[in-house]
Amino acid sequence: MNGKYLYSLLAVIVLSLVAYVGTALLRLQVFFGVIVPYLAMLVFVAMFAYRMLVWSRSPVPFRIPTTAGQAKSLPWIQRNRFDSPFTKWEVVVRMALEILTFRSLFRNTRMQLKEDGRIAYDLELWLWLFAITFHYAFFVVLLRHLRFFLEPVPYAVQLLGTVDTFLQIGTPVISMSSFALAGAVLVLFLRRVYLPHLRFISLAADYFPLFLIFGIAFTGIYMRYITKIDVTAAKALTYGLVSFHLPAVADMQAISPIFYVHLFFVSVLLAYFPFSKLMHLGGVFLSPTRNLPNNTRAVRHVNPWNYPVKVHTYDEYEDDFRDKMIEAGLPVEKKE
Amino acid sequence: MNDKGKIIAGVIIFIALVTFPFWYSMGKAAPKPEPVLTPQALEAKACVRDKVWINANHMQLLNEWRDAVVRDGERVYVNLEGKEFNMSLSNTCLDCHSNKAEFCDRCHNYAAVSPYCWDCHIDNPKETK
């Protein structure tokens, strides 16, 4: 047993109990359904922007890209455009591949000692597989939730729903994204627990978002497939939040407490987001080892805030001592 | 040197995307839709189960009915009060609720669900049995 994940798990359980007791017993639907989501959204947007602006002040004087291919060199040397980009557009392609396909993670290798005593570096793709499953499943879940925040629901959102549920299992039809999300989060958690070298470096800040996102996925799945909630009443509240036309308090209180646990988890995730490692959503765009062109041999990058150093060149030195140097028989650049 | 301008532009785009539902709604109200009951449904007073339960669970009930009828040939549903119903979307549900556009579609469109029940039962065809 490890305190780091126990405390995170305990925190998520306490959060769920707070929302459940707060709505089921204390009837604080207005607090959990209106005030907390608005505050969370405000904290998310304001603090996200603030942290990005703090980062934007960081100086980037030199090109420090890490390359994984031949740089642009002599014309007859074949180069790798996207692993060692030279122009802006090559950088854009490299960044797009990084952000959309997690290329750095795909290069993950594991060092192993083979039976005959030799070292081998094998491709290790499990982390990449579950990471990309997790991110895209979460993205699809997020986009599909737009049906609760937009009215009329745009065709694109409905089309995404049709694709996501095309297996047509049961009613409500199983959406693949929800189970992919919960499954991937579970694997990403078990990986931290079962691999000793990962358990060693995992902190509570690593476990907490995993538990929280699993809680969100679980309450969502629970509401959709196991105990049903009044979906139109839920949409009346969620759409009411974005249109500032809230339903009556009695209507809010008619929605199952599970819905408020789900909403509270999402609010906590939003408010926690800008203060956590989840800020890599914005940070990935600012990776200096990925978003800079590898052009240091073609373009001179002068540090713009170099201190103006007072220099004394050789020419000036010779001007000062020419006569003495000639007298002593030392070679000089200019005779007179 | 830094890329302040580009980063600020990116942050503004991000905020615009995140707050998109607020712009899209433009403060336009869209309250919970009220399905219209036909005179026949009003006269019957009670549904197969109570209204709140049906509201949340009708899709699951229909799924169970479909499995019972199609796979087991079981066509009689006994509800909690002991009343018997023919397990049939067309002959039982749509018999009272014959106004699909004002009854079924209102909530389905609001929640953007398109049940594939209507792939076959779309024109309310009466089953022969």
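Residue numbering restarts at 1 for every chain, and letters A, B, ... go by the order of the sequence lines. Worth knowing before you read on, the calculation uses all heavy atoms, side chains too, and leaves out hydrogens, waters and symmetry mates.
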[X] side chain near [Y] side chain, heavy-atom distance below 4.5 Å:
X: B/Val113; Y: A/Arg147; value: yes
X: A/His245; Y: B/Lys28; value: no
X: B/Lys4; Y: A/Arg57; value: yes
X: B/Val18; Y: A/Met41; value: yes
X: A/Leu281; Y: B/Phe14; value: yes

Quick one: [atom1] on [X] to [atom2] on [Y], what's the gap to the nearest 0.5 Å?
X: A/Phe149; Y: B/Ser25; atom1: CZ; atom2: OG; answer: 11.5 Å
X: A/Gln158; Y: B/Asn109; atom1: CD; atom2: CG; answer: 7.5 Å
X: A/Leu286; Y: B/Lys6; atom1: CG; atom2: NZ; answer: 11.5 Å
X: B/Lys32; Y: A/Leu237; atom1: NZ; atom2: CG; answer: 11.5 Å

Heavy-atom pair count under 4.5 Å with chain B, highest-scoring of [options]:
options: A/Gly161, A/Gly170, A/Pro247; result: A/Gly170
options: A/Pro152, A/Ala234, A/Ala254; result: A/Pro152
options: A/Val153, A/Thr162, A/Thr232; result: A/Thr232
options: A/Gly240, A/Ala233, A/Ala49; result: A/Ala233

Tell me whether [X] at atom [atom1] has more than 12 heavy atoms from other residues, nucleotides or ligands lying less than 6.0 Å away.
X: A/Arg27; atom1: CZ; answer: yes
X: A/Tyr20; atom1: OH; answer: no
X: A/Phe139; atom1: CZ; answer: no
X: B/Trp53; atom1: CH2; answer: yes

Portion of [X] that has a non-hydrogen atom of chain A nearer than 4.5 angstrom:
X: B/Val11; value: side chain
X: B/Tyr110; value: both
X: B/Phe22; value: both

Does any heavy atom of chain B fall under 4.5 Å from the side chain of [X], the backbone, both, or neither of them?
X: A/Leu246; result: neither
X: A/Phe44; result: side chain
X: A/Tyr239; result: side chain
X: A/Leu150; result: both
X: A/Val173; result: side chain
X: A/Phe62; result: neither

Which atom of A/Met52 lies closest to which atom of B/Ile7, heavy atoms considered: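 For A/Met52 versus B/Ile7, the nearest heavy atoms are O-CG2, 4.0 Å.
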
Let me see the working for B/Asn55 and A/Lys228 under side chain to side chain contact (heavy atoms under 4.5 Å, CB included), right down to the final yes or no. CA-CA 9 Å; B/Asn55 195 356; A/Lys228 305 289 194 291; over 6 Å; no

Would you confirm whether A/Ser243, through its side chain, and B/Ala29, through its main-chain N or O, come within 3.5 Å as a donor-acceptor pair?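 Here the side-chain-to-backbone pair does not exist.
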
Among B/Cys107, B/Pro33, B/Pro31, B/Ala111, residue most engaged with chain A (heavy-atom pairs, under 4.5 Å):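 Most heavy-atom pairs within the cutoff with chain A belong to B/Ala111.
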
